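See below for the structure under consideration.
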Amino acid sequence: MKNLRLAYIWVILALVVGAGCEDVLDTEASDAFAEDLIYSDSEQVERLVYPVYNSTESWGLNKFQWWSRRFNIEVGSFEARFNFNDLDQLRLRAGWTPSNVGVLQQKWRNYWDYVRLANEFLDKIDDSEAMQTDPEKVNLLKAEMKFLRANIYAKLIKYYGGVPILENALGLDDNFDLVRNSYEECVDFIVKELDEAIAVLPESRPDSEFGRATKLAAMAVKSRVLLYAASELHDPSTSPSGPLYDYTKSTKWQDAADAAKAVIDIVGARDLIPVADATEYHNLFLSPNQDILFARAYSAAYYDFGTDANSLWNQTQAPSGYGGWALSSPNHNFALLYNMADGTSTSEGGYDPANPNENREIRYYADLNFNGAQFRGRDVQYYLSEDVDAFPHGLDSPQGLGNTGHSSKTGYNIRKFQDESVGLTDVSPNRPYILYRLAEIYLNYAEAQYHLGEEGIAREFVSKVSTRALQPTITSSGPELLEDIKRERRVELAFEGHNFFDERRWMNEEHLGFDVKGLKWTKAADGTVSNEEYTVVTRPWFERQYYLPIPASEVEKAPSMVQNDGY
């Protein structure tokens with residue numbers, strides 16, 4: 001495979017050299033030769049698809065920026081905060097401006113770079129020699145590229161609202177003063193692209209092609225896009241409002257339900273993979289399985305940082321005393337959303353603040369490292385000692401091992417996705433980064449059916465998720481049922497990149513601006529350990545931050561590019 005990658009690099013070098021010799025060479029012939037070389041053979045064409053798979057992203061929020069290659073959007077959600085030196089990496093406390101959104105700054109440029117690659121491919125592929133000689137394979141590659149382009153647009157509209165719809169690569173003579181399409185037009189475009197891909201993509205792939213697009217992957221993207229579009233944030237009655245943000249279709253919840261149901265019909269509404277305990281639940285996220293609909297695989301063929309241990313979660317999220325960097329510290333506020341083992345909430349009386357880690361649901365133990373958790377052969381130790389002659393400070397405390405600047409400020413670290421079968425700096429060769437999975441589809445369906453008034457169906461499908469986690473069947477109704485669906489979504493999909501957008505689409509400002517809570521642990525001279533809840537930092541909320549601003553440099557280059565409200 002390395003030889004194949006080298007061949008592709010040489011093709012690109014040939015293009016660059018040809019472009020740099022315009023005064024000497026016949027550029028038309030040179031360009032034609034280069035395009036013929038790439039587009040004449042289906043294997044060469046396939047290599048053009050590989051780089052665009054990087055648009056699906058992975059463990060890092062921004063692979064082009066050193067810090068954010070090593071943490072993700074969870075640090076800007078209700079789930080967690082960025083842990084090192086109290087840095088405001090996403091500028092949520094400082095407030096976004098068109099010239100500074102912290103490590104989110106390059107999102108706009110990065111996504112459009114991938115759109116350009118996809119458009120260049122789609123512009124040329126139909127008339128290519130490869131299409132004439134191997135139409136079955138090349139049409140499949142074309143469907144993959146349409147899927148990838150649609151998925152990129154799904155990301156763009158989550159961050160920015162309506163954006164320009166570009167179906168062709170721009171040429172030198174084209175108008176670069178682009179106008180934003182409405183949010184609804186963008187959703188329609190994404191759905192159209194996905195429907196075209198769904199008609200061609202296979203329902204499944206062999207194990208050797210894990211991570212490549214399938215029919216179910218495209219259907220899962222469609223389900224998420226239509227659920228988001230139906231949500232409160234995009235209702236014309238809410239602010240911000242207007243074409244850049246609104247979704248006006250009267251059938252929106254039915255469309256969202258139908259998109260989820262299409263996946264459910266293919267899988268037969270089967271139960272999720274059963275588990276017996278927290279360990280089995282945790283292991284669901286360490287290797288490919290039938291519940292995963294689309295994930296990033298770590299293959300050198302089409303993933304550039306896939307074998308970089310510094311960008312995987314073993315080291316970047318482990319507690320500091322293990323040599324980890326602990327970059328995303330889960331908030332105590334979020335930890336309280338995990339139920340007790342019997343299904344009652346932490347506000348119903350069974351929860352003991354003095355012993356917060358006792359008798360919790362299995363996802364609590366699978367997802368979180370906490371004081372006393374057994375991890376990599378020892379107990380996690382966040383506590384400071386009152387008497388160091390009697391007991392030393394905890395190994396993961398601000399006076400412990402490793403770089404203590406990484407010691408958790410909240411009393412939690414992320415355990416989900418941690419692979420203890422390999423060393424902290426070793427690569428887990430089969431661990432996927434999950435992008436879409438069946439549990440999300442069931443939760444999408446439950447939420448849509450609730451809004452359609454079909455509470456029985458909503459309870460059935462949210463319960464499929466709840467009971468797999470050894471929690472009781474959901475029996476609530478009315479607004480309480482909707483809250484149960486939301487809680488289940490928060491906990492089941494924790495640290496998978498959902499909550500940042502879910503709280504916004506639900507317009508739940510209590511989870512957008514809030515006091516970030518943590519636990520301080522202390523070990524007394526008699527050996528008893530206690531905790532104190534405290535405010536780590538206060539995160540304000542600015543209403544303009546339902547969306548990112550269009551970068552100031554882009555608005556300057558394209559004056560017709562209307563800026564988002566509030567900026």
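The analysis underlying the following values was restricted to heavy atoms, covering all of them including side chains, and did not include hydrogens, waters or symmetry mates. Computed from a prediction, not measured in an experiment: that's the story for all the values here.
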For Val422 and Ser428, work out which heavy atoms get closest and say how close.
-> CG2-OG, 3.5 Å
If you measure only the distance, is there a donor-acceptor pair under 3.5 Å linking the side chains of Thr535 and Lys517?
-> yes
Other residues, nucleotides, ligands: >12 heavy atoms within 6.0 Å of Asp526 CG = yes
Quick one: are Asn444 and Arg489 in side-chain contact, heavy atoms under 4.5 Å?
-> yes
Considering all heavy atoms, the nearest Arg360-Tyr351 contact = NH1-CE1, 3.6 Å
State whether Tyr322 and Arg378 meet the cation-pi test: NZ (Lys) or CZ (Arg) under 6.0 Å from the six-membered ring centroid, and within 45° of the perpendicular axis.
-> yes
Going by the angle between their ring planes, with limits at 30° and 60°, are His511 and Phe78 parallel, tilted or perpendicular?
-> parallel
What pair of heavy atoms forms the shortest contact from Tyr228 to His234, and how long is it?
-> O-CD2, 3.0 Å
Qualifying residues under side-chain hydrogen bond (donor to acceptor under 3.5 Å, both in side chains), relative to Arg70, sequence neighbours excluded | none
Output, in order, the C-alpha distance, side-chain angles, deciding distance and verdict of salt bridge (charged side-chain N to carboxylate O under 4.0 Å, His left out) for Glu503 and Arg490.
-> CA-CA 9 Å; Glu503 304 295 352; Arg490 291 176 178 119; 2.7 Å; yes
Under the salt bridge (charged side-chain N to carboxylate O under 4.0 Å, His left out) test, which residues partner Asp195, sequence neighbours left out?
-> Lys222
What residues form a side-chain contact (heavy atoms from CB on, under 4.5 Å) with Ala262, not counting sequence neighbours?
-> Met219
Scanning both residues in full, the closest heavy-atom pair of Val275 with Leu470 reads O-CD2, 3.6 Å
Single hit among Glu496, Glu440, Glu447 for salt bridge (Lys or Arg N to Asp or Glu O under 4.0 Å) with Arg224 = Glu440
Hey, what's the ring geometry for Trp67 with Phe84, parallel, tilted or perpendicular (30° and 60° as the breaks)?
-> tilted
Within 45° of the axis and under 6.0 Å from the centre of the six-membered ring of Phe501, does NZ or CZ of Lys158 qualify?
-> yes
On the 0 to 90° scale, with breaks at 30° and 60°, tag the Trp313-Phe417 ring pair as parallel, tilted or perpendicular.
-> perpendicular
If you measure from the Lys or Arg side-chain nitrogens to the Asp or Glu carboxylate oxygens, is any gap between Lys252 and Glu184 under 4.0 Å?
-> no
When every non-hydrogen atom of Ala494 is compared with those of Asp367, the smallest separation belongs to CB-OD2, 4.0 Å
Which atoms form the tightest heavy-atom contact between Met340 and Thr346, and what is the distance?
-> SD-CG2, 4.2 Å
